[in-house]
Protein chains: 2
Amino acid sequence: MAENAVQGGTGDIPSGGRPTRPDLAEMVAPLLRTLMAAEQPVLDAHGLTMWAYAVLLHLDETPIRTQAALAEAIRADKTRIIAVLDDLESRALIARRPDPKDRRARLLSLTEEGRRLRDTVQTAIQKGEDRLLAQLPAADRDGFLRGLQALSALAEPGAGDPGQGTTGRRPPPPQ
Amino acid sequence: MAENAVQGGTGDIPSGGRPTRPDLAEMVAPLLRTLMAAEQPVLDAHGLTMWAYAVLLHLDETPIRTQAALAEAIRADKTRIIAVLDDLESRALIARRPDPKDRRARLLSLTEEGRRLRDTVQTAIQKGEDRLLAQLPAADRDGFLRGLQALSALAEPGAGDPGQGTTGRRPPPPQ
DNA sequence: GCACATCGTAAGCACATGCCTACTAATCCC
DNA sequence: GGGATTAGTAGGCATGTGCTTACGATGTGC
């Protein structure tokens, strides 16, 4: 039944034995490359960079009160997203107003046009992703999405290992 | 039954409606970060870079006849892996001999010690990965691994869209 | 009022990456 | 034999990134 299942559940590797499945990173890295390569044309068509798109995505979900918080949320550098925000603001996709309660901070919000663009782009991107997912058996696709969602949540800032912070530079991608 | 399932199968998005799941890349990118962050200490402990580890991994699976082929297999730059190979060779982890049949090419192979190190490192890495996977329900874990394996295979060189080649530079990671 | 901390911003450094251009050695083809 | 081609190597260029420092504006605590 589960004969041709991917081996690799917990405890599948006898101590000292050879691993029986590829490393997760070895599989995740090419997948991310594929996904980003598929996104790129869509983003290009709308004049968005990956960072700008990440801003649009995360700005919509939760109201962000400081640029630093936004930067941390999308794992960007605090000083590097300034140009991104400048561009998005100049195109009226986001609004950046001083917080009345603390005029040091800038209240970031999506404009109606920003929300519209975000919807358009995201729908197009997910349409392409669905073509990929369609190649999976329905059962695997469901488990894949659930597992992916669960595992990615462990990487969110604030979850998992606390105290690690922003230490260390970004390692080169394997494979 | 499938009430709390992740929405996002093919055709779940009515045209014009809002997407109902996060973008795949938005979930895959943090996951890759987590996985690489978990690998790094193990690699450091054995004096390996990500690239060096990728070389050890891919050199073991299939005999590689040219460095260029290896570079393409691990999606590295042909000229950049030379230093990596130099280091691995100087540590007797790989062997690099001129091909008798074509002395321009270098036959690359893992030494016994290289294979031993690869096993040690990979086992340690997968042990950490299994701790992550253990947090998933068994059914999802199986589907996740099968789906991940299938999707990552689509990104392999030679599969999927041919003719794309090495065009374009590496985009920045979203989120 | 004044020292200190925080937010946004600008500028720069160090480093890794992808790409390109030689250059040598070796091979292939005519 | 001689020209074109290929593998490996070395070097450089442009870019993107993380990190640090500095500065002005603002807010907080004493």
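Proteins get letters first, then strands, A, B, ... in listed order; numbering begins at 1 in each.
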### Task
Find the distance Arg106(A):CZ to dA25(D):P and express it as a whole number of Å.
12 Å
### Query
Over how many whole Å does the gap from Met36(A) atom CE to dT17(C) atom C1' extend?
13 Å
### Message
Checking Leu132(A) against Leu24(B) for the side-chain contact (heavy atoms from CB on, under 4.5 Å) test, could you report, in this order, the C-alpha distance in whole Å, the side-chain angles of both residues, the deciding distance, and whether it holds?
### Response
CA-CA 10 Å; Leu132(A) 271 184; Leu24(B) 291 187; 5.6 Å; no
### Query
Checking only heavy atoms, does the side chain of Arg80(A) share a donor-acceptor pair with the base of dG12(C) at less than 3.5 Å?
yes
### Message
On DNA chain C, does the nearest nucleotide to Thr79(A) precede the nearest nucleotide to Ala105(A) from the 5' side, or the other way round? Give the residue.
### Response
Ala105(A)
### Query
OP1 or OP2 of dA16(C) less than 4.0 angstrom from a side-chain nitrogen or oxygen of Trp51(B), does that happen here?
no
### Message
Using a strict heavy-atom distance below 4.0 Å, which residues from residues 81-98 of chain B are in contact with DNA chain D?
### Response
Ile82(B), Arg96(B)
#### Entry: Gap between atoms CZ and P, on Arg65(A) and dT6(C) respectively (whole Å)
16 Å
### Query
Rounded to the nearest Å, what distance is computed from the CG atom of residue Asp77(B) to the C1' atom of nucleotide dG12(D)?
13 Å
### Task
Verify side-chain contact (heavy atoms from CB on, under 4.5 Å) between Leu117(B) and Leu48(B), making sure each step is shown before the conclusion.
CA-CA 10 Å; Leu117(B) 180 61; Leu48(B) 290 177; 3.9 Å; yes
### Task
In whole angstrom, give the distance that lies between atom CD of Glu72(A) and atom C1' of dG18(D).
15 Å
### Task
Send over the distance from Gln67(B) CD to dA25(C) P, rounded to a whole Å.
17 Å
### Task
Assess whether side-chain contact (heavy atoms from CB on, under 4.5 Å) is satisfied between Tyr53(B) and Glu39(B), documenting all intermediate values.
CA-CA 10 Å; Tyr53(B) 180 55; Glu39(B) 284 190 10; 4.2 Å; yes
### Query
To the nearest Å, how far apart are Leu70(B) CG and dA7(D) C1'?
14 Å
### Query
Over how many whole Å does the gap from Ile64(A) atom CD1 to dC7(C) atom P extend?
14 Å
## Note on the structure
Looking only at dG8(D), dT20(D), dG8(C), the nucleotide nearest the Thr66(A) side chain is dG8(C)
### Summary
Heavy-atom nearest nucleotide on DNA chain D taken for Asp99(A) and for Lys78(A); more 5' hit belongs to Lys78(A)
### Message
Test side-chain contact (heavy atoms from CB on, under 4.5 Å) on Leu88(B) and Leu59(B); report intermediate values, then the result.
### Response
CA-CA 12 Å; Leu88(B) 290 176; Leu59(B) 219 48; over 6 Å; no
### Query
Quick one: the side chain of Arg104(A) and the base of dT6(C), do they pair up donor-acceptor inside 3.5 Å?
yes
### Query
Does a side-chain N-to-carboxylate-O contact under 4.0 Å join Arg115(B) and Asp119(B)?
no
### Message
Can you pull out every side-chain hydrogen bond (donor to acceptor under 3.5 Å, both in side chains) where at least one residue sits in residues 104-114 of chain B? Sequence neighbours excluded, please.
### Response
Asp102(B)-Arg104(B)
### Query
Which part of the nucleic acid does Asp102(A) contact within heavy-atom distance under 4.0 Å: base, sugar-phosphate only, or nothing?
sugar-phosphate
### Message
When you compare the side chains of Arg21(B) and Gln149(A), does any donor N or O come within less than 3.5 Å of an acceptor on the partner?
### Response
no
